[in-house]
Amino acid sequence: MIAFDKPSGLLIAPDRWDKKRENLMGLVHDKYGHGVANVHRLDADTSGVLLCSKSKVATSVSRANFSSS
């Protein structure tokens with residue numbers, strides 16, 4: 001697991017209409033590779049901690065646990 005402090009105004013994922021708009025997962029993938037996946041999402045205007053996993057197994061387990069709480 002890895003945690004990122006997402007500032008307000010930054011998207012989590014690419015914008016549907018503006019693919020060039022900066023987003024957190026694009027920055028994460030550039031630095032850590034495409035194996036890192038977000039476990040949950042935050043609205044663009046929301047700041048806070050975003051949890052990501054570094055493997056497919058951890059993603060599956062984390063998402064299942066996160067959504068059940």
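For the numbers below, each heavy atom of this structure counts, side chains included, while hydrogens, waters and symmetry mates do not.
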Q: Donor-acceptor pairs under 3.5 Å, side chain of residues 8-21 to any protein atom, not counting sequence neighbours: which ones?
A:
unit_1, atom_1, unit_2, atom_2, d
Ser8, OG, Asp45, O, 2.9
Asp15, OD1, Trp17, N, 2.7
Asp15, OD1, Asp18, N, 2.8
Asp18, OD1, Lys20, N, 3.3

Q: Decide whether Met1 and Val49 are clustered together by the hydrophobic rule: side chain heavy atoms of Ile, Leu, Val, Met, Phe, Trp, Tyr closer than 4.5 Å, transitively.
A: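 Hydrophobic grouping puts Met1 with Val49.
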
Q: Check whether Asn23 reaches the backbone of Gly26 with its side chain - one donor and one acceptor, N or O, closer than 3.5 Å.
A: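 Checked: pair present.
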
Q: If you take all heavy atoms of Met25 and Cys52, which pair is closest and at what distance?
A: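 Scanning both residues, the minimum pair turns out to be SD-SG, 4.0 Å.
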
Q: Grouping I, L, V, M, F, W and Y whenever their side-chain heavy atoms are under 4.5 Å apart, do Ile2 and Leu50 come out in a common cluster?
A: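 Both belong to a single hydrophobic cluster.
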
Q: For the residue pair Asp43 and Lys6, what are the closest heavy atoms and their distance?
A: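 Closest pair (atom of Asp43, atom of Lys6, distance): O-NZ, 3.4 Å.
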
